[in-house]
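In what follows, a single structure is set out as structure tokens and then discussed.
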Amino acid sequence: MNKQDSVEEKELELFFSEWKEKDKDIRVPEFEFGKKRKFTLWSLLPIGVAATFVFGLWFLLPSEKDYQLEYDTLIITLVEDENQEQHFVIETKSSLDEWEAPSSSLLTEF
């Protein structure tokens, strides 16, 4: 170590020792553990407002609609008539009316 380093170290040591002396005079306030708060009716107001909001949304949101199985299959076909004009034919059928084997799609697709 050279002389310059030791002088800087002593200055730093002196600087921090002065801070330590100042910190000794600082009084730290005590934290009060277990201090009971006075119960008031107004303290329940935010909880009541939030509960009312949640229940209001619960009852105002639409419930799940009934799904009717009468017309659950939509069939759209493109038909060509005598004049070479094409038009769409849209039909609705219930899947309960027809039964198709799971392997029949293999016959029609390939």
Side-chain angles (χ1 to χ4, degrees):
M1 281 181 85
N2 61 20
K3 193 172 187 178
Q4 181 71 19
D5 286 341
S6 65
V7 170
E8 287 178 2
E9 283 184 23
K10 291 207 184 252
E11 287 178 5
L12 281 174
E13 211 173 290
L14 179 65
F15 176 74
F16 285 114
S17 66
E18 289 174 0
W19 270 36
K20 285 180 183 178
E21 289 298 320
K22 288 180 185 177
D23 286 347
K24 285 181 183 177
D25 296 334
I26 295 175
R27 302 214 26 109
V28 178
E30 291 185 28
F31 184 76
E32 296 179 16
F33 291 102
K35 184 178 178 183
K36 300 275 183 176
R37 292 180 52 185
K38 186 177 178 184
F39 175 74
T40 61
L41 188 59
W42 289 102
S43 62
L44 294 177
L45 184 67
I47 296 170
V49 169
T52 304
F53 183 70
V54 168
F55 283 123
L57 282 178
W58 181 275
F59 289 116
L60 290 178
L61 288 177
S63 62
E64 199 173 305
K65 295 184 179 180
D66 293 334
Y67 184 74
Q68 298 177 356
L69 292 177
E70 295 172 6
Y71 302 109
D72 61 347
T73 304
L74 184 66
I75 302 170
I76 302 173
T77 54
L78 183 62
V79 178
E80 186 174 313
D81 58 2
E82 304 90 33
N83 299 333
Q84 304 274 330
E85 294 179 7
Q86 296 178 345
H87 60 279
F88 290 103
V89 176
I90 301 173
E91 299 176 70
T92 56
K93 288 188 178 182
S94 176
S95 62
L96 297 176
D97 295 342
E98 302 174 8
W99 182 82
E100 185 176 325
S103 59
S104 67
S105 63
L106 297 174
L107 298 173
T108 58
E109 289 180 9
F110 295 106

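Computation of the quantities below employed the complete heavy-atom set of this structure, encompassing side-chain atoms and omitting hydrogens, waters and symmetry-equivalent molecules. Everything numeric here is computed off the predicted structure, so don't read it as measured data. Starting from 1, each residue takes its place in the sequence as its number.
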Original post:
Just wondering, do Lys10 and Leu12 contact through their side chains at under 4.5 Å, heavy atoms?
Top reply: no
Original post:
Angle class for the Trp19/Phe15 ring planes (parallel below 30°, perpendicular above 60°, tilted otherwise)?
Top reply: tilted
Subject >> Criterion side chain to side chain contact (heavy atoms under 4.5 Å, CB included) on Lys24 and Glu21, from CA distance to verdict >> reply: CA-CA 5 Å; Lys24 285 181 183 177; Glu21 289 298 320; 3.5 Å; yes
Subject >> Contact check, side chains of Ile26 and Asp23, non-hydrogen atoms, under 4.5 Å >> reply: yes
**OP:** Report the C-alpha separation of Val54 and Thr52 in whole Å, then their side-chain angles, then the decisive distance to 0.1 Å, and conclude whether the side chain to side chain contact (heavy atoms under 4.5 Å, CB included) test is met.
**Re:** CA-CA 5 Å; Val54 168; Thr52 304; over 6 Å; no
**OP:** Flag yes if more than 12 heavy atoms outside Glu13 fall under 6.0 Å of its CD atom; otherwise flag no.
**Re:** no
Subject >> Pairwise distance CD(Glu9) to CD(Glu11) - rounded to 0.5 angstrom >> reply: 11.0 Å
Original post:
Are Val49 and Phe53 grouped together when hydrophobic residues (ILVMFWY) are joined by side-chain heavy atoms under 4.5 angstrom apart?
Top reply: no
**OP:** Would you give the length of the straight line joining atom CG of Asp81 to atom CD of Gln86, rounded to the nearest 0.5 angstrom?
**Re:** 9.0 Å
